[in-house]
Amino acid sequence: MKAWEANIRRVTPYVPGEQPKSKDVIKLNTNENPYPPSPRVKEALLNVDELRKYPDPNVYDLRKALADYHKIDINRMFVGVGSDDVLANIFITFFNGDKPVLFPDITYSFYDVWASLYNIPFEQPKLDDNFRIVKEDYYKPNGGIVIANPNAPTAIAEPMSFIEDIVKNNQESVVVVDEAYVDFGGESALPLIDKYDNLLVVRTFSKSRSLAGMRIGYVMGHEDLIAALNDVKQSINSYTMTRASIDVGVASVLDDDYFREYVAKIVSTREAFSKEMRELGFTFADSSANFIFAKHNKAKAADIYNAAKDKGIFVRYFNKPRIDNYLRITIGTDEEMDKFLAFLKEFLTTSGC
Ligand code: PMP
């Protein structure tokens, strides 16, 4: 073995959902939005001449647009390359203690990857049998807390009062609430940033704003937390947000009517689809997100997943303890969900379920 081999940082990376090469598939596996972004986004992308210049390292225009949108001071807003980048920066900046960072055993499976990458100790209290977070599990010494709300992949949202209890009981820790899916039905913890200086609320443009491909995420919290985060980010790469992503982000934020209309569409498809799924023998908690997390009373999730894939329909299956008989199904268009339901009806009939 060469000496340098001992110096390699070895990691087991996060594995995102498949991005099949063929366009001729129904993609219900990565919680993308089935609708295009606001038409204003297209206009914003035409600003090609300006690309010869570096972008603004402080991302002022997009931070200002978002701060105005959420009615907070711009110094409480940090923007990054998708919420994955924002969360990774949060892990590096705030979780440098010896005590374990806490997040549920079933949650966004990138959290433990970042913790491992940065050598951060962590513990994963178990969700209860109904996949609910047990808040008392978080009332113990810790080096930080991360809660996805609505949680993924369960799609279950807890009310603001629940989050407030966790924040209130942990005022010596930074508590991060990942609200990637909140626009589809959850109650945001954002109002709590006025009350607690240890709270960070993370959002993304990837789901409700149809901009997964542009990579824009942000976090809001006390200005001292935001300043610390910004110092770390500026110590790694000044220019993470491209000119295109800043312009597109602003355009999206300014088109609120479009945003609301399409979020409402997805919610209405989700409700109709959920009803049909229950009639087919699936059980699942009511979803507050743009996906459902369901298991069938007879058919095995892995079999459904594989059979759907053979027909060009991609859903997400996690071969992990406690959830290996569940499917996470993203809400697409009405037409896509109808095709998936038609596939399921045929599959369940032919397999005798
Ligand atoms: N948080 C949660 C809970 C997610 O499901 C995702 C999507 N994979 C993300 C954060 C990251 O999304 P993005 O980096 O696209 O903003």
Side-chain angles (χ1 to χ4, degrees), residues 9 11 13-14 16 50-51 53-70 72-97 101 103 108 110-120 122 143-148 173-180 182 189-190 193 196-207 209 211-253:
R9 190 186 289 268
V11 291
Y14 172 76
E50 291 290 293
L51 293 182
K53 294 189 276 185
Y54 280 110
D56 169 14
N58 295 314
V59 201
Y60 181 86
D61 291 351
L62 181 51
R63 285 171 51 237
K64 177 82 173 91
L66 282 166
D68 290 350
Y69 184 78
H70 288 296
I72 63 169
D73 190 276
I74 189 170
N75 293 325
R76 302 167 94 185
M77 176 70 67
F78 173 90
V79 171
V81 187
S83 52
D84 282 342
D85 177 54
V86 172
L87 287 160
N89 275 291
I90 288 172
F91 273 67
I92 308 178
T93 309
F94 299 109
F95 300 156
N96 292 298
V101 171
F103 43 85
Y108 184 34
F110 222 140
Y111 302 152
D112 60 309
V113 174
W114 288 312
S116 303
L117 173 64
Y118 303 128
N119 291 321
I120 298 165
F122 64 97
I145 292 175
V146 186
I147 303 282
S173 301
V174 171
V175 178
V176 181
V177 183
D178 177 354
E179 295 190 347
V182 76
L190 186 59
I193 66 168
Y196 300 97
D197 61 6
N198 61 323
L199 172 65
L200 288 171
V201 176
V202 180
R203 297 280 186 90
T204 178
F205 281 50
S206 297
K207 322 292 176 181
R209 293 190 177 277
L211 283 168
M214 194 43 89
R215 312 305 298 128
I216 307 172
Y218 59 103
V219 56
M220 298 163 284
H222 191 277
E223 60 185 69
D224 292 349
L225 296 184
I226 296 300
L229 195 54
N230 197 43
D231 284 347
V232 168
K233 179 258 168 174
Q234 303 289 9
S235 308
I236 300 175
N237 183 350
S238 314
Y239 305 116
T240 51
M241 300 302 292
T242 65
R243 279 181 176 272
S245 56
I246 296 169
D247 292 350
V248 158
V250 171
S252 170
V253 173

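Keep in mind the model is a prediction, meaning the values are calculated, not measured.
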Query raised in the report: Side chains of Pro55 and Glu50: closer than 4.5 Å at any heavy-atom pair?
Result: no
Query raised in the report: Roughly how far apart are Ser245 OG and Leu62 CG, rounded to 0.5 Å?
Result: 7.5 Å
Query raised in the report: Between CG of Asp73 and CE of Met220, what distance do you get to the nearest 0.5 Å?
Result: 13.0 Å
Report task. Mark yes or no: Arg209 above the aromatic ring of Tyr218, with NZ or CZ under 6.0 Å from the six-membered ring centre and no more than 45 degrees from the axis. Result -> no
Query raised in the report: Got a sec, which residues hit salt bridge (Lys or Arg N to Asp or Glu O under 4.0 Å) with Arg203, two or more places apart in sequence or on another chain?
Result: Glu179
Query - Donor-acceptor contact below 3.5 Å, side chain Asn198 vs main chain Ser173 - result: yes
Query raised in the report: Is Asn58 reaching over with its side chain to a backbone N or O of Tyr60, donor-acceptor style, under 3.5 angstrom?
Result: no
Query - For the student: nearest non-hydrogen atoms of Ser116 and Asp112, plus distance - result: OG-O, 2.8 Å
Requested in this report: Please report the closest heavy-atom contact between Ser252 and Leu211, naming both atoms and the distance.
Outcome: CB-CD1, 3.8 Å
Show me the side-chain donor-acceptor pairs of residues 76-97 shorter than 3.5 Å, one per line, residues at least two apart or across chains.
residue : atom : partner : partner atom : Å
Arg76   : NH1  : Asp194  : OD1          : 3.1
Arg76   : NH2  : Ile193  : O            : 3.0
Arg76   : NH2  : Asp194  : OD1          : 3.3
Asp84   : OD1  : Tyr108  : OH           : 2.7
Asp84   : OD2  : Tyr108  : OH           : 3.4
Asp85   : OD1  : Asn89   : ND2          : 3.3
Asp85   : OD2  : Val81   : N            : 2.8
Asn89   : ND2  : Asp85   : O            : 2.9
Thr93   : OG1  : Asn89   : O            : 2.6
Asn96   : ND2  : Ile92   : O            : 3.1
Asn96   : ND2  : Thr93   : O            : 3.2

Query raised in the report: Is it true that Trp114 and Phe110 have ring centroids separated by less than 6.0 Å?
Result: yes
Requested in this report: For side chain to side chain contact (heavy atoms under 4.5 Å, CB included), just list the numbers for Asp224 and Asp197, CA-CA rounded to whole Å, side-chain angles, deciding distance to a tenth of an Å, and then say yes or no.
Outcome: CA-CA 8 Å; Asp224 292 349; Asp197 61 6; over 6 Å; no
Report task. Locate the shortest heavy-atom distance separating Ala115 from Phe122; write the atom from each residue and the value. Result -> CB-CD2, 3.4 Å
Query raised in the report: With distance as the sole test, does Arg63 use its side chain to make a donor-acceptor pair with the main-chain N or O of Ile74 at under 3.5 Å?
Result: yes
Query - Lys64 and Val250, any side-chain heavy atoms less than 4.5 Å apart - result: no
Report task. Rounded to the nearest 0.5 Å, what's the gap from NZ on Lys53 to OH on Tyr239? Could you check? Result -> 12.5 Å
Query raised in the report: Side chains of Lys233 and Leu229: closer than 4.5 Å at any heavy-atom pair?
Result: no
Report task. For residues Val219 and Leu225, determine if any side-chain heavy atom of one lies less than 4.5 Å from a side-chain heavy atom of the other. Result -> no
Query - CD1 on Ile145 to CZ on Phe103, rounded to 0.5 Å - result: 11.5 Å
**Report entry** Nearest-0.5 Å distance, CD1 of residue Ile72 to CD1 of residue Ile226
**Finding:** 7.5 Å
Report task. Determine whether Asp178 and Tyr111 make a side-chain contact, defined as any pair of heavy atoms from C-beta on separated by less than 4.5 Å. Result -> yes
